[in-house]
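Here the structure is laid out as structure tokens; the discussion comes afterwards.
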Amino acid sequence: MGDRVRFDYTTASAFISADEMAGIKGQALAARQTLIEGTGLGHDFLGWVNLPVAYDKEEFARIKKAAEKIRRDSEVFIAIGIGGSYLGAQAANVFLKGVFYNNQSADVRKGPEVYFCGNSISSTYLQELLDLVGDRDFSINVISKSGTTTEPAIAFRVFKEKLIQKYGREEAAKRIYATTDRARGALKTLADAEGYEEFVVPDDVGGRFSVLTAVGLLPIAVTGADIDKLMEGAAQMREVAVNADFEENDALLYAAARNILLRKGKEVEILGNYEPRLHYIGEWWKQLQGESEGKDKKGIFPAAVDLTTDLHSMGQYIQDGRRFLMETIMNIETPKQDIVMKKEESDLDGLNYLEGRTMDFANKCAMNGTLLAHTDGDVPNLRINIPALDEISLGQLFYLFEFECGVSGYILGVNPFNQPGVESYKKNMFALLGKPGYEAEHDELMKRL
């Protein structure tokens, strides 16, 4: 297969013995079998398992066609969604196109600026985005299975109104792309009535596993990213996850290692990176792990840090604070760009000893030095090696995390594919907003505030 994303726990050998890995092997293999056969809790939401090799080719072609149209006719593209309806695409866009993609000139981008909203209820954020769009040509992709999720529904109302004011109702409809349920729901009903182009949120794929469906693929394709390569990478990692022996199976080894460490009191996992393009991978991963494992009073708490930046803020705690931490480092093996250090006459900053060295060399030294220091400080360090900042690697990385998450949840003894706790805040919010049917709850909550 050639180079691919790989999981490495050798630097945690002081915390994870060969006997322990052998002891948990049976649980990991059983969890994999449960995933593949669809016999476990949440089995109705396992469409993501075979998605990289069984996706809807006709819809995939329509996604690419729609993305090309948007790239031709829009200066700005707005993706409206929350949680799994935006985090994967945001992570992919920054990973593949860079932190400053929207700041580049149109000649460099060769496509629209891409922004995300509907992920908060901040009027300030929404108005600032409206002002940023201004009178420029734009299109929107509203992503919601029901069409009634509060945050994206509010944002959609606002941007739909702006589109209609600018283009008129008929032309506005040609610039609205709805990713929603195949057969039912408020957004599906509206899309049918108004003639929006529609893409499907699959019934058997939960939001946090949906990045490789239309949910993520359209906003990713709009940047010009190669979504064929993205799916190819995911298919490659699926082959490993589904068929490789335990000892060569990165997803199973990762799930096993983190569960061994959890049983030793390492209740918080920090996902770290040394590359700003990986920041939103950490944000996407936090939802994937937290919403999947955090139930029944169980689960590893997912956190994320950007390094070396956070060594100057969180570094002290990681090194010397409470010892309930484990750390997983994402390592980009080949940087997208590199800079060679030069010699200066005065050497006031004392950096001339780095003459001829690259910044990536310095970054890797910081990473390895920190890994050893944290390990010495009783924080076991795991590593995920990522060949490059490209679509193949990203597809592999997404699938590795997804499969590991399902296996880890089953080892833990929870349903990795539901999220009952999320509904609690919604019920309270609806009551406080005065939504019809929540009058009794409103009065009770007001007494407590």
Side-chain angles (χ1 to χ4, degrees), residues 45 47-48 51-52 54-71 73-74 76-93 111-112 114-119 138-160 163 172-225 227-228 230-231 234 280 284 287-288 398 402:
F45 292 94
W48 58 272
L51 186 67
Y55 58 90
D56 184 334
K57 305 302 191 297
E58 183 275 331
E59 182 181 61
F60 194 83
R62 286 198 300 113
I63 288 170
K64 292 196 288 185
K65 185 177 179 180
E68 283 304 313
K69 176 182 179 295
I70 294 164
R71 286 171 61 77
D73 70 14
S74 300
V76 181
F77 175 73
I78 307 293
I80 301 173
I82 195 168
S85 294
Y86 95 97
L87 277 169
Q90 175 80 311
N93 287 358
V114 178
Y115 297 99
F116 296 84
C117 69
N119 45 46
F138 74 104
S139 299
I140 63 176
N141 176 206
V142 54
I143 309 164
S144 175
K145 189 166 180 63
S146 66
T148 59
T149 304
T150 306
E151 295 89 341
I154 290 172
F156 180 44
R157 279 197 175 199
V158 171
F159 276 98
K160 179 176 63 174
L163 275 173
K174 298 175 183 178
R175 291 176 171 271
I176 299 175
Y177 301 82
T179 305
T180 190
D181 191 88
R182 186 185 302 275
R184 64 184 67 84
L187 181 55
K188 169 64 177 173
T189 300
L190 179 64
D192 286 348
E194 298 293 332
Y196 305 156
E197 182 159 9
E198 299 177 36
F199 301 101
V200 174
V201 180
D203 289 336
D204 58 355
V205 179
R208 58 189 176 277
F209 289 85
S210 67
V211 63
L212 298 176
T213 72
V215 169
L217 291 176
L218 180 58
I220 295 170
V222 164
T223 68
I227 60 174
D228 288 286
L230 187 70
M231 298 302 284
Y280 282 100
W284 171 81
Q287 183 194 8
L288 180 72
F398 276 143
E402 289 180 346

Could you check Phe116 against Asn93 for side chain to side chain contact (heavy atoms under 4.5 Å, CB included), going step by step and ending with a plain yes or no? CA-CA 11 Å; Phe116 296 84; Asn93 287 358; 3.8 Å; yes

Go through it in stages, so that I can follow the logic: the residues are Phe209 and Leu288, the test is side chain to side chain contact (heavy atoms under 4.5 Å, CB included), and I'd like the CA-CA distance, side-chain angles, deciding distance and then a yes or no. CA-CA 7 Å; Phe209 289 85; Leu288 180 72; 3.7 Å; yes

Go through Leu230 and Leu217 one step at a time and tell me if the side chain to side chain contact (heavy atoms under 4.5 Å, CB included) criterion holds. CA-CA 9 Å; Leu230 187 70; Leu217 291 176; 3.9 Å; yes

Check the pair Asp228, Phe60 against side chain to side chain contact (heavy atoms under 4.5 Å, CB included), reporting the backbone distance first and the verdict last. CA-CA 9 Å; Asp228 288 286; Phe60 194 83; 3.3 Å; yes

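Two residues are said to be in side-chain contact when any heavy atoms from C-beta on lie closer than 4.5 Å; Val76 and Tyr115 meet this criterion. Using a 4.5 Å heavy-atom cutoff, the side chains of Gln90 and Val114 are not in contact. Residues Val158 and Cys117 fail the side-chain proximity criterion, which asks for heavy atoms closer than 4.5 Å. For the pair Phe138/Leu163, a side-chain contact is recorded, criterion being any heavy-atom separation below 4.5 Å from C-beta on. You'll find the side chain of Leu187 stays beyond 4.5 Å of the side chain of Thr148, heavy atoms only. In this structure, the side chains of Phe199 and Glu59 come closer than 4.5 Å at one or more pairs of heavy atoms. Between Ile80 and Lys160 there is no side-chain heavy-atom pair separated by less than 4.5 Å.
Between Glu68 and Lys64, no side-chain nitrogen of the basic residue sits less than 4.0 Å from a carboxylate oxygen of the acidic one, so the salt-bridge criterion is not met.
The two atoms that bring Pro52 and Met231 nearest to each other are CA-CE, 3.9 Å, heavy atoms only. Ala92 and Ile220 make their closest contact through CB-CD1, 3.5 Å (heavy atoms, listed as atom of the first residue, atom of the second, distance). Smallest separation of non-hydrogen atoms from Ile82 and Pro152: CG2-CD, 4.0 Å. The two residues Ala67 and Leu218 come nearest to each other via the heavy atoms N-CD1, 4.0 Å. Here the closest heavy-atom approach between residue Leu212 and residue Ala234 is recorded as CD1-CB, 3.5 Å. The two residues Glu402 and Arg208 come nearest to each other via the heavy atoms OE2-O, 4.4 Å.
Ser85 contributes atom OG, which lies 11.0 Å from atom CD of Glu151 (distance to the nearest 0.5 angstrom). Separating the CD atom in Glu198 from the OG1 atom in Thr179 is a distance of 9.5 Å, to the nearest 0.5 Å.
Checking each of Ile78, Asp73, Ile140, Ile70 against Arg175 for a side-chain contact (heavy atoms from CB on, under 4.5 Å) leaves exactly one that passes, namely Asp73.
Counting non-hydrogen atoms of other residues, nucleotides and ligands closer than 6.0 Å to OH of Tyr280 gives a total of 12 or fewer.
Listed by chain and residue number, nothing satisfies the salt bridge (Lys or Arg N to Asp or Glu O under 4.0 Å) test with Asp204 (two or more places apart in sequence, or in another chain).
Judged by distance alone, the side chain of Arg71 and the main-chain N or O of Thr223 form a donor-acceptor pair under 3.5 Å. Thr180 places a side-chain N or O within donor-acceptor distance of the main-chain N or O of Lys145, the cut-off being under 3.5 Å. In terms of modelled atom types and a separation under 3.5 Å, the side chain of Asn141 and the main chain of Tyr177 share a donor-acceptor contact.
Ring orientation note: the planes of Tyr196 and Phe156 are nearly perpendicular, at an angle over 60° on the 30°/60° scale.
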